[in-house]
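One structure is given below, encoded as structure tokens.
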Amino acid sequence: MMEENWGRLRQRLLKTVGQNNFTTWIEPLEFTRVDDGVAFFNVPTNFMGNYVSQNFADLILHEFNLSGEPVQRLAFKVAANEAARPAARRSDVADVVETPVDAADDMAPRARSAAPSAAAKDLADTLQAAPLDPRFTFDSFVVGKPNELAHAAARRVAEGGPVTFNPLVLYGGVGLGKTHLMHAIAWELKDRNPELNVLYLSAEQFMYRFVQALRERKMMDFKHLFRSVDVLMVDDVQFIAGKDSTQEEFFHTFNALVDQNKQIIISADRAPGEIKDLEDRVRSRLQCGLVVDLHPTDYELRLGILQSKVAQQMQTYPDLRIADGVLEFLAHRISTNVRVLEGALTRLFAFASLVGREIDMELTQDCLADVLRASERKITVEEIQRKVSEYYNIRMSDIIGPKRLRSYARPRQVAMYLCKQLTSRSLPEIGRRFGGRDHTTVMHGVRRIEELKTIDGQIAEDVEMLRRALEA
């Protein structure tokens, strides 16, 4: 296939996948040839080839065949100037071809270009960087639909290849995994290249060091140290909002590192555009990279996290037994905060060990009575109906009423779906609250929204925004 044909195919892919996905995953692909029904590409890293194979292969194959090129399979090869990754970390995804290369060849140019000064080598001690938690690695991070994109972006950055999006901004509510991913990136970068100056600290520590430098008249040392890092990671950046001088220094540090093509990774509890009292120029810089949302956990993800934590707890309490249904019960009842979920499990194992009993439903409810009370869903059907009607700018009577116009039927189905997800009401009871409808009507509405969420980005966004508004 000629290069110009691939160029036209890329333009069609851009329209299909959107600018962010195209820049991150499609643009770095280097098309080489088509041979016997296989399209070959060079990729910067194995992880990128695996991700494209998993998420975009069908679309690329479809575009190839539309252009008259009979391609049945894609093959990805790491470019000759990239390091091969350790075999234990490779994905088993089919059709990904890897070329072993001496890892030292990849690290040497970067190490030489970094050439850290004596001050930079003592950077972590001088800045009192936040310690990294050894538990927070990619291996211990449980991946599900709510955090899949954030995890993929973090892995991409952690591979230490060419900087393709800068900064990477991870945002989401409390206990959704932002700090875990930040620590995991730092551990992976240090593991792959110990010579890298990776600085991880909180926004509060950045502010403290800045104020201390002002007080001790050591601003030049402060600027030099922060500008000599290879990777700057700042956690909970919302805490510098309203601190004008700190924001100004952060802005200049940000620009200096971007100009040097150094990676910046930021976390916050909300999107940059929603952080109050954040200067427009800082907000604009944060939005110029890849901004990724860690969505609230769903039932499947919470259950996966619990299963992972149980395996860890069993190493400490090998003789304890946990009855069927307990993990499912906890995943359903404790739905807002993963930290609370993990803490509840830790308490449960400790209590069962002390009293010498099996972890069954009775013990679970006795031991975690306060946690379960605090986690009870308090959202009402009426509140959901009111929020949905306000969001779609229709009357609440139209949500409940008999009209079947699409402009009323779709918001009604969204409201039914949210009632099923956010309340403990049964389907017949939800149907009665929607004008006396049958439970099968509610079931159909719930299933319809579940289907649309996977194919209609607008519906998925509407549901997520309404969920956040209701849980706030």
Side-chain angles (χ1 to χ4, degrees), residues 142-151 169-178 238 267-275 291-305 328 330-341 372 374-394 396 398-400 408-427 429-431 433-434 442-472:
V142 181
V143 183
K145 284 188 177 180
N147 59 25
E148 185 177 28
L149 178 58
H151 174 263
V169 179
L170 306 171
Y171 77 93
V174 175
L176 297 183
K178 302 185 301 296
Q238 72 272 4
S267 81
D269 65 353
R270 67 204 77 175
E274 299 174 0
I275 300 177
V291 181
V292 185
D293 183 5
L294 282 88
H295 298 288
T297 56
D298 57 18
Y299 170 79
E300 289 78 10
L301 180 56
R302 291 194 296 273
L303 185 58
I305 292 170
E328 289 80 358
L330 292 176
H332 175 73
R333 290 293 300 273
I334 305 176
S335 59
T336 57
N337 192 323
V338 173
R339 291 196 186 105
V340 174
L341 191 65
L372 295 174
S375 299
E376 286 180 356
R377 291 175 174 177
K378 300 177 177 64
I379 301 171
T380 64
V381 172
E382 290 74 16
E383 184 182 359
I384 292 172
Q385 291 171 335
R386 184 171 61 254
K387 279 285 186 185
V388 171
S389 61
E390 291 173 357
Y391 183 85
Y392 286 103
N393 196 26
I394 60 178
M396 191 166 167
D398 293 325
I399 289 275
I400 303 171
Y408 302 142
R410 188 68 76 229
R412 186 181 299 131
Q413 289 176 334
V414 169
M416 290 176 175
Y417 173 83
L418 290 169
C419 287
K420 178 66 170 60
Q421 297 295 316
L422 302 181
T423 75
S424 57
R425 304 296 182 185
S426 65
L427 293 179
E429 195 169 356
I430 293 173
R433 302 295 184 91
F434 281 82
V442 179
M443 190 183 303
H444 170 75
V446 171
R447 287 176 178 169
R448 184 59 181 153
I449 296 303
E450 287 175 344
E451 293 169 0
L452 289 173
K453 280 177 63 182
T454 63
I455 59 176
D456 189 331
Q458 186 60 55
I459 288 292
E461 183 179 344
D462 289 349
V463 170
E464 187 57 37
M465 291 184 68
L466 282 164
R467 181 198 293 273
R468 288 188 186 181
L470 288 161
E471 291 181 341

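Quick note: numbers below take in every heavy atom, side chains included, and nothing from hydrogens, waters or symmetry partners. Along the sequence shown, residues are numbered consecutively beginning with 1.
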H444 side chain near Q413 side chain, heavy-atom distance below 4.5 Å = yes

query = Are Y417 and R448 close enough that some pair of their side-chain heavy atoms sits under 4.5 Å apart?
reply = no

query = Are L452 and R410 close enough, and set up right, to give a side-chain contact (heavy atoms from CB on, under 4.5 Å), and what steps lead you there?
reply = CA-CA 11 Å; L452 289 173; R410 188 68 76 229; 3.5 Å; yes

request  = Side-chain contact test, heavy atoms from C-beta onward, threshold under 4.5 Å: evaluate it for L176 versus T297 and give yes or no.
outcome  = yes

task = Please report the closest heavy-atom contact between L330 and L341, naming both atoms and the distance.
result = O-CD1, 3.7 Å

note = Tightest non-hydrogen contact, residues A271 and Y171, listed as N-CD1, 3.2 Å

message = Once rounded to the nearest 0.5 Å, what's the spacing between atom CG of L170 and atom CG of D269?
response = 13.0 Å

message = Any heavy-atom pair between the side chains of K420 and V442 that's under 4.5 Å?
response = no

ask   = CZ of R302 to NE2 of H332: how many Å apart, nearest 0.5 Å?
value = 8.5 Å

remark   = Looking only at heavy atoms, the pair that brings V142 and L301 closest together is O-CD1, 3.5 Å

query = What are the two closest non-hydrogen atoms of V291 and P272, and how far apart are they?
reply = CG1-CD, 3.9 Å

Worked verdict on L466 versus V388 for side-chain contact (heavy atoms from CB on, under 4.5 Å) = CA-CA 7 Å; L466 282 164; V388 171; 4.1 Å; yes

task = Identify the two heavy atoms, one from R412 and one from I399, that lie closest to each other, and give their separation to 0.1 Å.
result = NE-O, 2.8 Å

ask   = Would you say V174 and R339 make side-chain contact, with heavy atoms under 4.5 Å?
value = yes

key: Interatomic spacing from CE in M416 to SG in C419 - rounded to 0.5 Å   = 8.5 Å

query = Can you tell me how far CG of L470 sits from OG1 of T380, rounded to the nearest 0.5 angstrom?
reply = 9.0 Å

ask   = Atom CE in M465, atom NZ in K387: separation rounded to 0.5 Å?
value = 11.0 Å

key: Nearest heavy atoms of G177 and L294, plus distance in Å   = C-CD2, 3.9 Å

request  = Measure the spacing between CD of Q385 and CD of E383 and express it to the nearest 0.5 Å.
outcome  = 11.0 Å

ask   = For the side chain to side chain contact (heavy atoms under 4.5 Å, CB included) test, which of I430, V414, L418 pairs with I384?
value = L418

request  = Please determine if R433 and E382 form a salt bridge, counting it only when a charged side-chain N lies under 4.0 Å from a carboxylate O.
outcome  = yes

message = Can you confirm whether more than 12 heavy atoms, excluding those of R270, are under 6.0 Å from its CZ atom?
response = yes

